[in-house]
Amino acid sequence: MLGIEPLPERPPVPAVSPRRSRAQKWEANLAASRQYRTREGQLNVPRSHIETVDGAELALGVFIANARTRKASLAPERVEELSAVGMRWQRVGERGQLGRGGRRPRTR
């Protein structure tokens with residue numbers, strides 16, 4: 001009679017994942033690095049690679065590329081941790097790498 005209708009149902013609110021500290025993010029990415037290294041035998045990770053660890057998807061390729069770029073500003077402990085996992089700080093074929101016979105590759 002009064003024209004009152006029940007409110008339409010609201011869609012459920014997605015659960016918000018708790019924020020992680022930098023240390024927690026570092027540990028998660030380090031675990032992803034170990035997992036990738038164990039599986040692939042190297043850490044030459046494509047920048048677009050996503051690694052799944054314990055159900056969480058991590059942008060491992062971006063993490064590795066950023067770590068290489070920022071090596072000088074990383075804490076020494078973090079450089080040691082990545083080196084222990086097998087990090088090569090310069091990708092094969094990057095400028096500065098020596099070619100066969102100890103000579104720099106020719107550029108055309």
Side-chain angles (χ1 to χ4, degrees):
M1 276 202 172
L2 297 175
I4 299 175
E5 296 179 16
L7 290 173
E9 274 191 49
R10 292 183 185 172
V13 177
V16 177
S17 59
R19 295 185 69 87
R20 297 184 306 166
S21 69
R22 283 186 181 172
Q24 289 169 324
K25 289 177 185 177
W26 176 264
E27 287 303 321
N29 281 305
L30 193 59
S33 300
R34 287 186 188 111
Q35 178 177 294
Y36 185 92
R37 167 77 176 179
T38 299
R39 185 180 67 248
E40 302 294 330
Q42 43 82 12
L43 269 180
N44 194 14
V45 184
R47 186 171 178 82
S48 62
H49 181 75
I50 304 295
E51 188 76 10
T52 303
V53 179
D54 297 330
E57 291 186 344
L58 301 167
L60 181 61
V62 172
F63 170 75
I64 293 295
N66 287 345
R68 280 190 180 112
T69 302
R70 300 173 182 157
K71 179 184 178 191
S73 63
L74 287 176
E77 310 83 58
R78 290 189 170 181
V79 172
E80 288 175 21
E81 287 176 318
L82 281 172
S83 294
V85 174
M87 173 72 126
R88 293 182 68 170
W89 293 99
Q90 222 176 5
R91 292 182 76 155
V92 175
E94 283 186 359
R95 287 189 304 184
Q97 285 283 349
L98 297 180
R100 285 187 244 152
R103 288 176 271 154
R104 296 204 182 279
R106 289 191 300 167
T107 56
R108 294 178 188 216

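This is a predicted model, so every value here is computed, not measured. For this chain, numbers begin at 1 and follow the sequence in order. Any value given below was found using the heavy atoms of this structure, including those in side chains, with hydrogens, waters and symmetry copies removed.
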side-chain contact (heavy atoms from CB on, under 4.5 Å) involving [X] - partner list, sequence neighbours excluded:
{"X": "Gln42", "answer": "Tyr36, Arg37, Glu40, Asn44"}
{"X": "Arg20", "answer": "Gln24, Lys25, Ala28, Leu58"}
{"X": "Ala59", "answer": "Ile50, Val62"}

Report yes or no: do Val53 and Leu30 belong to one cluster of Ile/Leu/Val/Met/Phe/Trp/Tyr joined by side chain heavy-atom distances under 4.5 Å?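 In one cluster: no.
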
Answer yes or no: is there a side-chain heavy-atom contact under 4.5 Å between Met87 and Lys71?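 Contact flag for Met87/Lys71 side chains = no.
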
Is any side-chain heavy atom of Phe63 less than 4.5 Å from a side-chain heavy atom of Val45?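 Answer no - side chains too far apart.
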
Provide the full list of side-chain hydrogen bond (donor to acceptor under 3.5 Å, both in side chains) pairs with a residue in residues 54-66, sequence neighbours left out, each pair given once.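 Sorted result for residues 54-66: empty, none.
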
Report yes or no: does Arg68 contribute a side-chain atom to a donor-acceptor pair with the main-chain N or O of Arg88 at less than 3.5 Å?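 Judged by distance alone, yes, a pair lies under 3.5 Å.
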
For Gln35 and Thr52, indicate whether the former's side chain and the latter's backbone hold a donor-acceptor pair under 3.5 Å.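 Between the backbone of Thr52 and the side chain of Gln35 there is a qualifying donor-acceptor contact (under 3.5 Å).
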
Inspect the surroundings of CZ in Arg70 and state if more than 12 heavy atoms from other residues, nucleotides or ligands are less than 6.0 Å away.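 No, the 6.0 Å shell around CZ holds no more than 12 heavy atoms from other groups.
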
Partner residues of Arg22 under the salt bridge (Lys or Arg N to Asp or Glu O under 4.0 Å) criterion, sequence neighbours left out: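 Listed in chain order: nothing, the list is empty.
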
Can you see which heavy atom on Ser33 is nearest to which on Leu43, and at what distance?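 In terms of heavy atoms, the two residues are closest at O-CD2, 3.6 Å.
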
Going by side chain to side chain donor-acceptor pair (under 3.5 Å), name the residues that satisfy it together with Glu81, two or more places apart in sequence or in a different chain.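 Per chain and number, Glu81 pairs via side chain to side chain donor-acceptor pair (under 3.5 Å) with Trp26.
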
CD1/Ile64 to CH2/Trp89 distance, rounded to the nearest 0.5 angstrom?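 With rounding to 0.5 Å, CD1 (Ile64) is 8.0 Å from CH2 (Trp89).
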
